[in-house]
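Every number for a ligand or one of its atoms is a count from 1 in the order of the listing.
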Amino acid sequence: MAIEDTRLRHDWTRQEVDALFALPFNDLLFAAHSVHRANFDPNQVQVSTLCSIKTGACPEDCAYCPQSARYDTGLEKEKLMAIEAVVAEASRAKEAGATRFCMGAAWRSPRAKDMDVVLGMVKGVKALGMETCMTLGMLSPQQAEDLAQAGLDYYNHNLDTSPEFYGEIITTRSYQDRLDTLQNVRDAGMNVCSGGIVGMGETASDRTGLLLQLATMSPHPESVPINQLVRVEGTPLADEAELDPFDFIRTIAVARILMPKSHVRLSAGREDMNDQTQSLAFFAGANSIFYGEKLLTTANPRESKDMLLFSRLGIAPEAYEADESAPVPRESDSSDLFYEAV
Ligand code: SAM
Ligand code: DTB
Ligand code: SF4
């Protein structure tokens with residue numbers, strides 16, 4: 001296999017992915033950056049802001065998650081937000097330079113009475129001229145269809161880890177449940193956002209297993225969030241060992257090579273990374289971030305800190321042009337705003 005080969009492939013083998021992970025760091029980074037440069041402007045990064053529209057009291061048992069009702073993490077649970085409050089948050093995020101608004105709910109899956117509200121949120125945020133993303137747990141084909149009809153651009157549903165390690169992390173829903181939801185999202189015509197978490201005590205072979213699952217999907221997920229575990233007191237993974245930053249970067253680099261046209265997101269965990277590690281992630285092919293001082297319930301770098309990092313690295317936020325039904329921001333709007341405070 002020529003690593004520089006940037007054709008889209010959906011037939012990656014475990015041997016090939018293991019071989020990429022085993023490359024000397026410099027060789028892997030050079031290859032990943034070459035693939036990145038052949039497919040994207042390497043100095044543009046997509047900027048998404050998260051909003052927790054329903055917080056805590058989740059019935060699921062995901063071992064990493066501060067929102068599971070099974071763990072005492074001291075988190076205050078909150079009911080589903082009102083549509084107007086969510087749209088106001090989105091508007092604030094747009095002002096600060098975000099082009100995509102990602103709404104997350106601590107549900108196993110949405111109930112019928114929740115659907116009307118979330119559909120209203122999609123319409124309200126879209127009307128601001130932003131891209132919309134939601135992560136609400138498992139979806140039926142009908143729920144996926146309804147979200148697509150409302151104009152939802154992306155649905156996030158992570159595979160989280162390899163099929164082999166999955167049972168150590170979650171017991172209340174199966175890997176196949178996750179694949180089924182992703183298929184429902186795809187069938188409804190939405191963009192798929194799916195990735196995973198590293199630093200949960202998985203082996204190198206589990207990282208291969210996760211990326212292999214994602215990279216053998218056809219089409220690839222358009223957006224691939226790579227999260228570093230945020231170790232939250234009270235969760236079963238609170239005392240997990242710190243991940244070697246180079247292993248995190250390797251995971252980004254291999255994802256970039258396997259899925260050359262997808263946006264790879266440097267996701268949770270940036271509070272535990274220094275600027276140098278983040279800049280290596282961008283070099284390795286990450287071209288999206290979560291922007292705003294909160295992820296769902298945990299801390300993320302302050303907006304001004306990210307603006308400064310972008311400016312020090314010569315990175316510009318990726319522009320987004322909304323479709324004709326929504327007001328179109330000028331090409332330069334978001335980057336002007338982004339740099340204003342620097
Ligand atoms: N409840 C829905 C679900 O799980 O499908 C949506 C929200 S859930 C919080 C979305 C994703 O956030 C999870 O799949 C996981 O990948 C990520 N996540 C949650 N807690 C995390 C943590 N402590 N560190 C890193 N990623 C985390
Ligand atoms: C994703 O891959 N990471 C985001 C988003 N998709 C929904 C969530 C990260 C959550 C980190 C822990 C928290 O803040 O609760
Ligand atoms: Fe619930 Fe999602 Fe957290 Fe799992 S990751 S406990 S499903 S909020």
May I ask whether [X] has any heavy atom positioned less than 4.0 angstrom from an atom of ligand 1?
X	answer
C62	no
G104	no
Q228	yes
K54	no

Answer yes when [X] and [Y] have at least one side-chain N-carboxylate O distance shorter than 4.0 Å, and no when they do not.
X	Y	value
D275	R312	yes
E89	K294	no
D306	R270	yes

Task: Spacing of CG belonging to L266 relative to CD1 belonging to I226, to within rounding of 0.5 Å - done: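 Answer for the CG-CD1 pair, L266 versus I226, is 10.0 Å.
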
Open item on the list: Heavy atoms only, cut-off 4.0 Å: how does R173 contact ligand 1, side chain, backbone, both, or neither?
Closed with: side chain

Task: Mode of T235 contact toward ligand 1 - side chain, backbone, both, neither (heavy atoms, under 4.0 Å) - done: neither

TODO: Run through S194, C193, S262 and flag the one making a side-chain contact (heavy atoms from CB on, under 4.5 Å) with V224.
DONE: S262

Open item on the list: My understanding is that only one of M273, R231, Q228 makes a side-chain contact (heavy atoms from CB on, under 4.5 Å) with L243; could you say which?
Closed with: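 Looking at M273, R231, Q228, the match for L243 under the side-chain contact (heavy atoms from CB on, under 4.5 Å) is Q228.
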
Starting from [atom], what is the nearest protein heavy atom, named by residue and atom, and what distance separates them?
atom	answer
atom 26 (N) of ligand 1	I197 CD1, 3.5 Å
atom 6 (C) of ligand 1	T135 OG1, 3.1 Å
atom 20 (N) of ligand 1	Y64 CD1, 3.3 Å
atom 16 (O) of ligand 1	D160 OD1, 2.7 Å
atom 6 (N) of ligand 2	N156 OD1, 3.3 Å
atom 11 (C) of ligand 1	N158 ND2, 3.8 Å
atom 24 (N) of ligand 1	V230 N, 3.0 Å
atom 12 (C) of ligand 2	T298 OG1, 3.6 Å

Task: Within-shell test, F290 vs ligand 2, heavy atom, strictly < 4.0 Å - done: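 It does; at least one heavy atom falls under 4.0 Å.
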
Using a strict 4.0 Å cut-off to heavy atoms of [X], name the atoms of ligand 2 that fall inside it.
X	answer
P225	2 (O)
N158	1 (C), 2 (O)
T297	13 (C), 14 (O), 15 (O)
L50	4 (C), 5 (C), 7 (C)
T135	7 (C)
P66	15 (O)

Task: Any protein heavy atom nearer than 4.0 Å to atom 4 (Fe) of ligand 3 - done: yes

Relative to ligand 2, is [X] under 4.0 angstrom through side chain, backbone, both or neither, heavy atoms considered?
X	result
N227	side chain
V232	neither
L296	both

Within the 4.0 Å heavy-atom shell around [X], which atoms of ligand 1 are there?
X	value
A105	1 (N), 2 (C), 6 (C), 7 (C)
H157	5 (O)
L296	9 (C)
W107	1 (N), 2 (C)

Task: Protein N/O/S atoms closer than 2.8 Å to atom 1 (Fe) of ligand 3 - done: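 Near atom 1 (Fe) of ligand 3, the protein supplies C58 SG.
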
Task: Proximal ligand 3 atoms for R173, defined as those under 4.0 Å from one of its heavy atoms - done: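 Result: 7 (S).
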
TODO: Report yes if the side chains of W12 and L211 come closer than 4.5 Å at any heavy-atom pair, otherwise no.
DONE: no

Task: Cation-pi geometry met for R250 and F25 (6.0 Å, 45°) - done: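 No, a cation-pi geometry is absent between R250 and F25.
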
